[in-house]
Amino acid sequence: MILAIDYGEVRCGLALGEKLATKLWTVGRQEVFSEISKLENVDCFVIGLPLSMSGRYSQQTFKAIKFAEKLHIKFDKEVYMVDERLSSTPFKGRKDIDKLSAAEIFDRFVSSNTNCYRISPPLRLKDEQLIKLKDIEGKVLIVNLSDTRVLKDKSWIVFQKDPYYAYLFHKMGCHVERDQKKLENFAPFDIIIAEGMCEELKYLLNPNGRILCL
């Protein structure tokens with residue numbers, strides 16, 4: 001069984017089913033974990049991911065990811081996050097908007113795996129890779145890395161498409177971007193630490209800057 005959740009700070013909409021959501025209901029945010037504990041045979045959870053309309057992260061994005069992380073830890077089940085942009089638009093003004101939005105999130109998950117992310121542990125760098133980063137100073141951009149041990153200064157900028165990995169850096173006080181064009185607002189960088197995209201990012205360096213491609 002799949003349980004889809006439209007997370008809100010006051011209420012959460014829930015949609016439960018297999019290929020179709022056959023049960024829809026709404027609970028207060030404070031009761032959502034006790035409500036889930038009553039359910040049997042839930043195989044995985046799907047949480048709506050509230051990105052901005054341009055696809056960037058917001059404070060609401062990270063609140064939803066924090067909820068998804070707690071869900072993963074408490075129930076030890078797979079947790080997925082699905083882009084929920086415009087999921088509630090058809091239901092504007094309806095009293096049951098939360099549970100209907102949960103049903104839309106459910107449908108998006110079962111119909112397509114695009115814009116779907118699983119909560120999974122970060123990929124740890126090798127010790128020799130971390131040693132290379134030991135004495136880095138200056139204006140730094142971290143790209144596509146999930147191991148927060150690379151971070152030496154919370155003023156560093158992070159580019160990360162995966163929402164959960166982005167959240168891990170956000171928790172440490174970093175500004176995290178999802179839109180590559182927005183990185184130009186913080187350039188030029190002295191150093192870019194990247195996994196992939198190394199050539200593509202050179203235009204963001206200052207003339208004496210360098211890329212560490214891991």
Side-chain angles (χ1 to χ4, degrees), residues 46-66 68-69 72 78-87 108-109 111-214:
V46 183
I47 316 302
L49 180 68
L51 299 168
S52 71
M53 287 307 297
S54 64
R56 298 178 74 195
Y57 299 119
S58 67
Q59 289 302 313
Q60 190 59 33
T61 308
F62 293 125
K63 287 178 183 178
I65 298 171
K66 181 179 181 179
E69 182 184 51
H72 178 61
E78 288 194 344
V79 179
Y80 296 87
M81 302 202 76
V82 174
D83 186 344
E84 69 169 25
R85 280 177 287 180
L86 301 177
S87 65
R108 290 186 183 189
F109 177 71
S111 63
S112 173
N113 284 326
T114 58
N115 297 321
C116 177
Y117 305 89
R118 184 168 67 91
I119 300 292
S120 57
L123 304 174
R124 292 172 67 88
L125 294 174
K126 297 176 181 177
D127 290 341
E128 54 265 32
Q129 291 175 309
L130 288 173
I131 289 171
K132 289 181 182 178
L133 310 177
K134 185 178 178 182
D135 299 319
I136 284 179
E137 294 182 353
K139 195 171 183 180
V140 178
L141 172 65
I142 300 172
V143 178
N144 289 337
L145 295 173
S146 58
D147 190 340
T148 56
R149 294 179 301 162
V150 303
L151 188 67
K152 301 290 187 266
D153 188 324
K154 65 182 181 180
S155 69
W156 291 5
I157 305 299
V158 176
F159 177 73
Q160 177 57 260
K161 289 270 190 178
D162 185 288
Y164 182 57
Y165 297 155
Y167 167 71
L168 297 179
F169 281 100
H170 169 76
K171 279 202 301 185
M172 300 183 74
C174 293
H175 177 84
V176 188
E177 274 296 343
R178 197 167 186 270
D179 183 343
Q180 185 177 332
K181 286 189 175 180
K182 297 297 181 182
L183 296 176
E184 296 173 14
N185 297 334
F186 304 95
F189 294 97
D190 300 313
I191 296 174
I192 296 177
I193 307 168
E195 185 173 74
M197 297 179 65
C198 296
E199 292 298 317
E200 185 180 338
L201 296 166
K202 282 185 175 179
Y203 76 100
L204 296 171
L205 285 169
N206 69 39
N208 297 313
R210 60 193 177 105
I211 292 183
L212 295 176
C213 200
L214 301 179

Just how far is it from atom [atom1] of [X] to atom [atom2] of [Y], taken to the nearest 0.5 Å?
X: Leu212; Y: Leu133; atom1: CG; atom2: CG; value: 6.5 Å
X: Arg108; Y: Cys116; atom1: CZ; atom2: SG; value: 12.0 Å
X: Tyr80; Y: Ile47; atom1: OH; atom2: CD1; value: 12.5 Å
X: Lys202; Y: Arg210; atom1: NZ; atom2: CZ; value: 13.5 Å
X: Met81; Y: Leu49; atom1: CE; atom2: CG; value: 4.5 Å
X: Ile157; Y: Leu204; atom1: CD1; atom2: CG; value: 11.5 Å

Exercise. Within a radius of less than 6.0 Å around NZ of Lys152, do more than 12 heavy atoms belonging to other residues, nucleotides or ligands occur?
Worked result: yes
Exercise. For Glu137, does the CD atom have more than 12 heavy-atom neighbours from other residues, nucleotides or ligands under 6.0 Å away?
Worked result: no
Give a yes or no answer on whether the side chain of [X] reaches the backbone of [Y] with a donor-acceptor pair at less than 3.5 Å.
X: Ser58; Y: Ser52; result: no
X: Arg178; Y: Leu51; result: no
X: Asp190; Y: Lys139; result: yes
X: Asn206; Y: Pro188; result: no
X: Gln160; Y: Leu145; result: yes

Exercise. Is the closest side-chain heavy-atom distance between Leu125 and Leu214 below 4.5 Å?
Worked result: yes
For this session: For the residue pair Lys154 and Phe169, establish whether any side-chain heavy-atom pair is separated by less than 4.5 Å.
Result: no
Can you give me the closest heavy-atom contact between [X] and [Y], atom names plus distance?
X: Arg56; Y: Lys182; result: NE-CG, 3.7 Å
X: Thr61; Y: Pro50; result: OG1-O, 2.7 Å
X: Asp147; Y: Leu123; result: CB-O, 3.5 Å
X: Ile193; Y: Trp156; result: CD1-CZ3, 4.1 Å
X: Gly196; Y: Cys213; result: N-SG, 4.4 Å

Exercise. Taking the six-membered ring for Trp, are Tyr57 and Phe62 ring centroids under 6.0 Å apart?
Worked result: yes
For this session: Could you walk me through whether Lys171 and Glu69 pass the salt bridge (charged side-chain N to carboxylate O under 4.0 Å, His left out) test, one step at a time?
Result: CA-CA 12 Å; Lys171 279 202 301 185; Glu69 182 184 51; 3.7 Å; yes
For this session: Identify whether the distance between the nearest side-chain nitrogen and carboxylate oxygen of Asp179 and Lys181 falls below 4.0 Å.
Result: no
Exercise. Given the rule in the side chain to side chain donor-acceptor pair (under 3.5 Å) test, do Tyr165 and Thr148 qualify, once you have shown the distances and angles that lead to the verdict?
Worked result: CA-CA 9 Å; Tyr165 297 155; Thr148 56; over 6 Å; no
For this session: Would you sort out whether Phe186 and His175 count as a ring pair (Phe, Tyr, Trp, His ring centres under 6.0 Å), showing the intermediate values?
Result: CA-CA 10 Å; Phe186 304 95; His175 177 84; 4.9 Å; yes
Exercise. When you look at Asp162 and Ser146, which way does the side chain to side chain contact (heavy atoms under 4.5 Å, CB included) test go after all the steps?
Worked result: CA-CA 9 Å; Asp162 185 288; Ser146 58; over 6 Å; no
Exercise. Taking it one step at a time, do Gln60 and Lys63 satisfy side chain to side chain contact (heavy atoms under 4.5 Å, CB included)?
Worked result: CA-CA 5 Å; Gln60 190 59 33; Lys63 287 178 183 178; 4.0 Å; yes
Exercise. How far apart are the C-alpha atoms of Tyr117 and Tyr164, what are their side-chain angles, what is the distance that settles it, and do they pass the ring pair (Phe, Tyr, Trp, His ring centres under 6.0 Å) test?
Worked result: CA-CA 8 Å; Tyr117 305 89; Tyr164 182 57; over 10 Å; no
For this session: For the pair Arg149 and Gln129, evaluate side chain to side chain contact (heavy atoms under 4.5 Å, CB included) and give the outcome as yes or no after the intermediate values.
Result: CA-CA 11 Å; Arg149 294 179 301 162; Gln129 291 175 309; over 6 Å; no
